[in-house]
Amino acid sequence: MPIATPEVYAEMLDRAKEQRFAYPAINVSSSQTLNAALAGFAEAGSDGIIQVSTGGAEYASGPTIKDMISGSVALAEYAHVVAEKYPVSIALHTDHCPKEKLDGFVRPLVAISAERVKNGQNPLFQSHMWDGSAVPVEENLAIAEELLAQTAAAKIILEIEVGVVGGEEDGVANEINDKLYTTVEDGMRTVEVLGTGEKGRYITALTFGNVHGVYKPGSVKLRPEVLKQIQDEVGAKINKERPFDLVFHGGSGSSLEEIRAAVDYGVIKMNIDTDTQYAFTRPAAAHMFANWDGVLKVDGEVGNKKAYDPRAWGRASEAGMAQRVITGCEDLRSAGTSPNA
């Protein structure tokens, strides 16, 4: 299937919310990790979301270039070509973008998609995230309102974050404290400023104790009931059940029970990065340890080309990451839900 059109992406999100499942949103930084994500979604029979962070985009442009636009465009164009061979629909998304990087990341990418749409094409990315968690709520929503007008015109969905995710990801760091829980008042204000779809579609990361990074199960104190409270109280005021399309950030170490509860309360997208990074790297490490005398030219020998060929360990890495994507689809109940599965 080709990369999802704006209409297909909207239908994907509507179906997830109606049927109470969520899409894994897999961070990629190379063609290999992108291929692994595609393979995992196809094997699981799940449509999905592939996303690029500012750091991932810099890396993809080349370590001596470090250009976020070049890297993200290159990955997106690559995805538009290779995704056609897979029997599932894939949406492309950009992950956390703080205020100081908007002019160098999200705004230029929205402009690229706006030009494509003007020329009768589909947008390059299907959604972009504005991470306003580090600024006051009013400033966060003011910037979101401005971006929402631009993304709506380019047939793109905007993702916002109202609240704070703890831990660190791509240089965006926040303390782990009581600010990790979005309030009902925050939810009410979001609807007042951004509307409920009439100004453009947006999806919302409301925080309920989420923390980026690596944590053992039980270390992160999630309170999914916060999501239910906000959905119920805001929904009662505007007469709409589960008014927010929710995004789950910082899910590493979360229990399956917590994940499923969040999905029941309206989460339709869950970011997965830390776990897939490990799933990609672990098989490569195993290959190096098992074939050390082939990947290294030891004691004047020549090594074994079949062992140090990047494709040898690359296949194993991609297979390992794809399997973690499948697990994510199963945990979020999206496995087998693609109309094309």
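Since this is a predicted model, take the numbers as computed values, not measurements. The residues of the chain are indexed from 1 along the displayed sequence.
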Enumerate, atom names and distances included, each donor-acceptor pair closer than 3.5 Å involving a side-chain atom of residues 318-332, sequence neighbours excluded.
from	atom 1	to	atom 2	distance (Å)
Arg324	NH2	Asp275	OD2	2.8
Thr327	OG1	Gln323	O	3.2

Without swapping roles, check the side chain of [X] against the backbone of [Y] for a donor-acceptor pair under 3.5 Å.
| X | Y | value |
| --- | --- | --- |
| Asp186 | Thr183 | yes |
| Lys269 | Leu13 | no |
| Thr337 | Ser334 | yes |
| Asn119 | Glu115 | yes |
| Ser61 | Gly71 | no |
| Thr182 | Thr207 | yes |
| Ser29 | Ala60 | no |
| Asn291 | His287 | yes |
| Asn140 | Glu161 | yes |

Salt bridge (charged side-chain N to carboxylate O under 4.0 Å, His left out): which pairs involve residues 66-93, sequence neighbours left out? Glu77-Arg116
Check the pair Val267, Leu227 against side chain to side chain contact (heavy atoms under 4.5 Å, CB included), reporting the backbone distance first and the verdict last. CA-CA 9 Å; Val267 165; Leu227 302 180; 4.0 Å; yes
Closest contact, heavy atoms only, [X] versus [Y]:
| X | Y | value |
| --- | --- | --- |
| Asp47 | Tyr23 | O-CD2, 3.2 Å |
| Val302 | Tyr308 | O-CE2, 4.0 Å |
| Ile156 | Ser127 | CG2-CA, 3.5 Å |
| Gly45 | Ala341 | O-CB, 3.5 Å |
| Gly187 | Ile230 | CA-CG2, 4.3 Å |
| Val28 | Ala37 | CG1-CB, 4.4 Å |

In terms of heavy-atom contacts, does [atom1] of [X] have more than 12 from other residues, nucleotides or ligands at under 6.0 Å?
| X | atom1 | answer |
| --- | --- | --- |
| Glu138 | CD | yes |
| Tyr59 | OH | no |
| Lys199 | NZ | yes |
| Arg189 | CZ | yes |
| Lys17 | NZ | yes |

Does any part of the side chain of [Y], heavy atoms only, come nearer than 4.5 Å to the side chain of [X], both counted from C-beta?
| X | Y | value |
| --- | --- | --- |
| Leu38 | Val82 | yes |
| Met288 | Trp313 | yes |
| Ile157 | Ile203 | yes |

For this output row, return yes or no: ring centroids of Phe208 and Phe248 closer than 6.0 angstrom. yes
Between [X] and [Y], do the side chains contain an N or O donor and an N or O acceptor separated by less than 3.5 Å?
| X | Y | result |
| --- | --- | --- |
| Gln150 | His128 | no |
| Lys240 | Gln231 | no |
| His93 | Gln126 | no |
| Ser30 | Thr33 | yes |
| Asn271 | Asn27 | no |
| Glu225 | Gln229 | no |
| Ser338 | Ser46 | no |
| Tyr78 | Asn35 | yes |

Hydrophobic clusters here meaning ILVMFWY residues chained together by side-chain heavy-atom distances under 4.5 Å, can you tell me if [X] and [Y] are in one?
| X | Y | result |
| --- | --- | --- |
| Met129 | Tyr202 | no |
| Val193 | Leu246 | yes |
| Ile65 | Leu109 | no |
| Ile26 | Tyr278 | no |

Could you check Met12 against Ser89 for side chain to side chain contact (heavy atoms under 4.5 Å, CB included), going step by step and ending with a plain yes or no? CA-CA 9 Å; Met12 284 170 56; Ser89 295; 4.0 Å; yes
Arg223 charged N/C atom sitting above Tyr181 aromatic ring, 6.0 Å / 45°: yes
Distance (rounded to the nearest 0.5 Å) between [X] [atom1] and [Y] [atom2]:
| X | Y | atom1 | atom2 | answer |
| --- | --- | --- | --- | --- |
| Ile90 | His80 | CD1 | NE2 | 11.5 Å |
| Leu158 | Leu194 | CG | CG | 7.5 Å |
| Cys97 | Trp130 | SG | CH2 | 7.5 Å |
| Ile69 | Ile112 | CD1 | CD1 | 6.0 Å |
| Leu256 | Arg260 | CG | CZ | 4.5 Å |
| Thr151 | Arg107 | OG1 | CZ | 11.5 Å |

Do the charged groups of Glu11 and Arg15 touch, with an N to O distance under 4.0 Å? yes
Test side chain to side chain contact (heavy atoms under 4.5 Å, CB included) on Val73 and Leu124 and set out the steps. CA-CA 8 Å; Val73 169; Leu124 184 62; 3.9 Å; yes
Ile143 pairs by side chain to side chain contact (heavy atoms under 4.5 Å, CB included) with which of Leu148, Ile160, Leu102? Leu102
Go through the steps for Arg333 and Asp264 under the test salt bridge (charged side-chain N to carboxylate O under 4.0 Å, His left out), then give the verdict. CA-CA 11 Å; Arg333 307 189 189 119; Asp264 286 338; 3.1 Å; yes
State which residue, out of His249, His96, Gln51, fulfils the side chain to side chain donor-acceptor pair (under 3.5 Å) condition with Glu159. His249
Test side chain to side chain contact (heavy atoms under 4.5 Å, CB included) on Ile3 and Asn122; report intermediate values, then the result. CA-CA 9 Å; Ile3 292 295; Asn122 287 317; over 6 Å; no
For a salt bridge (charged side-chain N to carboxylate O under 4.0 Å, His left out) check, start with the C-alpha distance between Asp14 and Arg201, then their side-chain angles and the critical distance, and finish with the verdict. CA-CA 12 Å; Asp14 290 342; Arg201 186 162 187 171; 2.8 Å; yes
